[in-house]
Number of protein chains: 2
Amino acid sequence: MNSRFTIAVHILTVLAHKHDEPLKSDVVANSINTNPVVVRRLWSALAKAGLIVSRTGATGGGKLAREASMITLLDVYNAVEARCVFAMHANPPNKRCLIGKNIQLVLEDIFAEAQREMEKVLARKTIADVAAAIMKNCR
Amino acid sequence: MNSRFTIAVHILTVLAHKHDEPLKSDVVANSINTNPVVVRRLWSALAKAGLIVSRTGATGGGKLAREASMITLLDVYNAVEARCVFAMHANPPNKRCLIGKNIQLVLEDIFAEAQREMEKVLARKTIADVAAAIMKNCR
DNA sequence: TGGATTTGTAACTATTTTAGTTACAAATTG
DNA sequence: CAATTTGTAACTAAAATAGTTACAAATCCA
């Protein structure tokens, strides 16, 4: 898997920490140790999902669209990650073989169930929880 | 994610279907629509995990090491896939930032919990279940 | 109004991962 | 000893990934 989900959670946690004023992609990128464009690219996805609002211009920047306690990690996952965690065959299996013909349907069901259980955990955690755990750690 | 897990399950399901005799990597690769070397590379991992036995030589091939009903998909997953489904930051975040310094520890916990729930589903399914579902489909 | 600032996005690059392939030594059979 | 098959190294092509440069469009404020 890529780190888009992790970076997106990081972005939102930084925005949650300074929830009053809009932050520049520059500042957020500094915490992540990456390029501002990487941050702005994820802002696109997060804005489309309604998790942040961002404005261009001199006093622009990004801001949470709602309270951190109302943004679950599943919201974030769905916003930035389209794929299932399990990858099917790179090339379709042999349709002339009984197993090759039917295995993908069977695996799709199992993979979907595993993914659902994984997503349930993400749905129980919010950006506020992440921020709180970080504050607790640093005490 | 890559398709190693999917291909490994496919391999074991083919071996389960003809469980009496050892099958050549050639035959298994044909069902998957790939190269025999791809199959043999996964056999290494599966053999190390004790899921299959394979023999070289004229009448050689691969064979399940135990009954298909005693091989869970979690056994297979652990045999071929080392990584967590979630990837941490590609480059470490900024340690001088409160959030950058602590977020990985917090996310590791959450990711581990999500992975555990996902693995529980895999632990409930066996290669025999997969084979049975395929037979049911083709009826 | 006009200059300064910041987002949004396209285009490019370097690195890594992935799957597939060729080649061949080692093991096994008969 | 000839035929066969695994095990593995080495290479290739394609795709994914993260990072970078560049710049138009939007916004603010003096």
Side-chain angles (χ1 to χ4, degrees), chain A residues 1-8 10-11 14-15 21-49 51-63 65 80-94, chain B residues 1-8 10-11 15 21-49 51-63 65 79-94:
Chain A
M1 197 188 174
N2 56 39
S3 60
R4 286 168 54 88
F5 175 53
T6 293
I7 303 297
H10 192 144
I11 290 172
V14 173
L15 295 185
E21 64 207 300
L23 294 185
K24 294 177 215 168
S25 61
D26 202 4
V27 173
V28 178
N30 182 56
S31 167
I32 298 172
N33 225 351
T34 187
N35 192 292
V37 176
V38 173
V39 172
R40 296 206 291 266
R41 271 202 290 245
L42 283 170
W43 281 6
S44 276
L46 295 172
K48 269 174 198 151
L51 304 185
I52 70 165
V53 286
S54 63
R55 282 207 335 275
T56 62
T59 59
K63 200 167 165 323
V80 302
E81 203 60 52
R83 305 183 314 175
C84 176
V85 297
F86 299 103
M88 207 52 78
H89 305 67
N91 301 310
N94 188 347
Chain B
M1 196 186 178
N2 55 40
S3 60
R4 287 167 54 87
F5 175 52
T6 293
I7 303 297
H10 192 144
I11 290 171
L15 295 184
E21 63 207 299
L23 294 185
K24 296 176 213 168
S25 60
D26 202 4
V27 173
V28 178
N30 181 57
S31 167
I32 299 173
N33 225 349
T34 187
N35 193 293
V37 177
V38 172
V39 172
R40 296 205 292 267
R41 273 203 290 245
L42 284 170
W43 281 6
S44 277
L46 296 172
K48 270 175 197 150
L51 304 186
I52 69 164
V53 287
S54 63
R55 282 207 335 276
T56 62
T59 60
K63 199 167 163 321
V80 303
E81 202 60 51
R83 304 184 313 173
C84 175
V85 296
F86 299 104
M88 207 52 78
H89 304 67
N91 301 310
N94 187 347

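The chains referred to below are lettered A, B, ... by the order of the sequence lines, with proteins before strands, and numbering in each begins at 1.
Every residue two or more places apart in sequence or in another chain that forms a side chain to side chain contact (heavy atoms under 4.5 Å, CB included) with B:V53 is listed here: B:K63, B:A65.
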Anything under 3.5 Å between a donor and an acceptor, one on a side chain of residues 34-43 of chain A, the other on a protein residue two or more places apart or in another chain? List them.
unit_1, atom_1, unit_2, atom_2, d
A:N35, OD1, A:V37, N, 2.9
A:R40, NH1, A:S25, OG, 3.1

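Using a 4.0 Å cutoff to heavy atoms of chain A, the contacted part of DNA chain D runs 5' to 3' from D:dT17 to D:dC29.
Mapping A:N35 and A:A58 onto DNA chain D by nearest heavy atom places A:N35 closer to the 5' end of the strand. Judged by closest nucleotide on DNA chain C, A:S44 is the one of B:G57 and A:S44 placed further toward the 5' end. The 5' end of DNA chain D is approached more closely, in terms of each residue's nearest nucleotide, by A:R4 than by the other of A:R40 and A:R4.
Note: B:H10 and A:H89 have perpendicular aromatic rings, judged against thresholds of 30 and 60 degrees for the angle between ring planes.
Taking atom NZ of residue A:K63 and atom P of nucleotide C:dT6, one finds them 18 Å apart after rounding to whole Å. Going from atom CG of B:N91 over to atom C1' of C:dA14 covers 13 Å, rounded to whole Å. One interatomic measurement links the two molecules: CG of B:L42 to P of C:dG20, which rounds to 10 Å at whole-angstrom precision. Nucleotide C:dA4 holds its C1' atom 11 Å from the NZ atom of A:K24, rounded to whole Å.
The main-chain N or O of B:A87 is never found under 3.5 Å from a side-chain atom of A:S3 such that the two would form a donor-acceptor pair.
Between B:A49 and B:A79, the shortest heavy-atom contact is CB-CB, 3.5 Å. Minimum heavy-atom separation, B:S31 to A:P93: O-CB, 3.6 Å.
Backbone-only contact: A:N2 has heavy atoms under 4.0 Å from sugar-phosphate atoms and none from a base. In this structure, A:G61 reaches the sugar-phosphate backbone alone: every heavy-atom distance under 4.0 Å involves primed, P, OP1 or OP2 atoms, never a base. Across all strands, A:D26 comes closer than 4.0 Å to no nucleic acid atom at all (heavy-atom distances). Among the protein residues, A:R55 comes within range of the sugar-phosphate backbone only, with heavy atoms under 4.0 Å from sugar or phosphate atoms but none that close to a base.
Under the 4.5 Å side-chain criterion, counting only non-hydrogen atoms from C-beta, A:N33 is not in contact with B:N91.
Between A:T56 and C:dT5, a side-chain N or O to OP1/OP2 separation shorter than 4.0 Å is absent.
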